[in-house]
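Everything below concerns the one structure shown next.
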There are 2 protein chains.
Amino acid sequence: MTKTIEDFKKILQEKNIRLSHQRLKVLEYLVQNKTHPSVDDIYINLQKDLPSLSKATVYNTLNMLEEVGLVNVLTIEDNENHYEITSKNHGHFKCTSCKKIYDFTLDVEEIKSTDLADFEIKERDVYFRGLCPECLDSDQDSSDK
Amino acid sequence: MTKTIEDFKKILQEKNIRLSHQRLKVLEYLVQNKTHPSVDDIYINLQKDLPSLSKATVYNTLNMLEEVGLVNVLTIEDNENHYEITSKNHGHFKCTSCKKIYDFTLDVEEIKSTDLADFEIKERDVYFRGLCPECLDSDQDSSDK
DNA sequence: TTCTTAATTTATAATCATTATAATTTAATA
DNA sequence: TATTAAATTATAATGATTATAAATTAAGAA
Ligand SMILES: [Mn+2]
Ligand SMILES: [Mn+2]
Ligand SMILES: [Zn+2]
Ligand SMILES: [Zn+2]
């Protein structure tokens, strides 16, 4: 079910999109890091192996991957986008304390509203925000005697 | 149920927040325009009556109103925030063609996931994107003979 | 394998939303 | 009406993202 780099190579080749080293590295990063990274996260980490990498390339690659449907953009934060490999639909929870973005099981296709009978829905995002268990725990610690 | 400017005045006064002319105008704009406007929308329209209005004031006011819970910020778009008076929970649909943001009936409190049992959820946003009926109609027109 | 060339990457500048700063103005109270 | 802390304004600064143009490269042809 979960796609490998080889699967992605095949998909991009079928669309006549060149398999540049940079593009494959960005894809690999997203496949290996299911942390919903920002452009900066990706850029800083890939730079270790690719010192010549340009941030524009990371943007270009992510925009291209989004266009062909291989990656999904999260606008759960108001100042910075986050990215993930497109996968079975699920919801996202952002902890306002540690800033981590968690996946949670949810069939967003099941969310219905009669108001939308005549709308063509193409994307569905469910974003929750609050405190994650780790941060709730440490909150308690700090309020302990 | 739906609050008037007088209701808002009372709430702000109770919190010792000054009822400046600019703040009341921003609130009034949001009460009268249920269109999920951006800062620019609000700024451009209020400027007609308040030529000296500063965009920083619109930002300051909206941030303050969000902090006290009277307005809600939508991050449905990746480059610009949109605002609305806080109201009973509902979902948002953004038409990717005409850019309008529509409300739709949905009890977001009813969206549950066992994965979140130990999380403290404070905000819930449901964002759908696609084509609205008007844009679907005009699409059809343009494909007609 | 080497050559060719259009596509990609890079470095850099530009844009745009948002926030910060500091001087000016004002709401609320005495 | 006078006082003053808070709000507004003008402006600069920041930070994410996009645009541009020159240098590099992937992929097919020879
Ligand atoms: Mn996810
Ligand atoms: Mn709404
Ligand atoms: Zn946390
Ligand atoms: Zn539309």
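Source: prediction; values computed, not measured. The sequence lines fix the lettering, A, B, ..., with proteins before strands; numbering per chain opens at 1.
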Quick one: label A:Asp40 by what it contacts on the DNA or RNA (base, sugar-phosphate, nothing), any heavy atom closer than 4.0 Å.
nothing
Between A:Arg18 and B:Gln22, whichever has its closest DNA chain D nucleotide further toward 5' is B:Gln22
Nearest-nucleotide pick for [X], side chain only, options being [options]:
X: A:Ile17; options: C:dT19, D:dT8, C:dT8; result: C:dT8
X: A:Tyr59; options: D:dT17, D:dA27, C:dA27; result: D:dT17
X: A:Ala56; options: C:dT19, D:dT17, C:dT10; result: C:dT10
X: A:Asn81; options: C:dA28, C:dT9, D:dT17; result: D:dT17
X: A:Leu53; options: C:dT18, D:dT8, C:dT10; result: C:dT10

Is any side-chain nitrogen or oxygen of [X] closer than 4.0 Å to OP1 or OP2 of [N]?
X: A:Ser52; N: C:dT10; result: yes
X: B:Asn79; N: D:dA16; result: no
X: B:Thr57; N: D:dT9; result: yes

If the threshold is 4.0 Å, N to carboxylate O, is there a salt bridge linking [X] and [Y]?
X: B:Lys88; Y: B:Asp107; answer: no
X: B:Asp40; Y: B:Lys55; answer: yes
X: B:Lys34; Y: B:Glu84; answer: no

Ignoring hydrogens and angles, state whether a donor on the side chain of B:His92 or B:Asp103 is under 3.5 Å from an acceptor on the partner side chain.
yes
Original post:
Rounded to whole angstroms, how far apart are CD on B:Gln13 and P on C:dA28?
Top reply: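 One finds 7 Å between P of C:dA28 and CD of B:Gln13, rounded.
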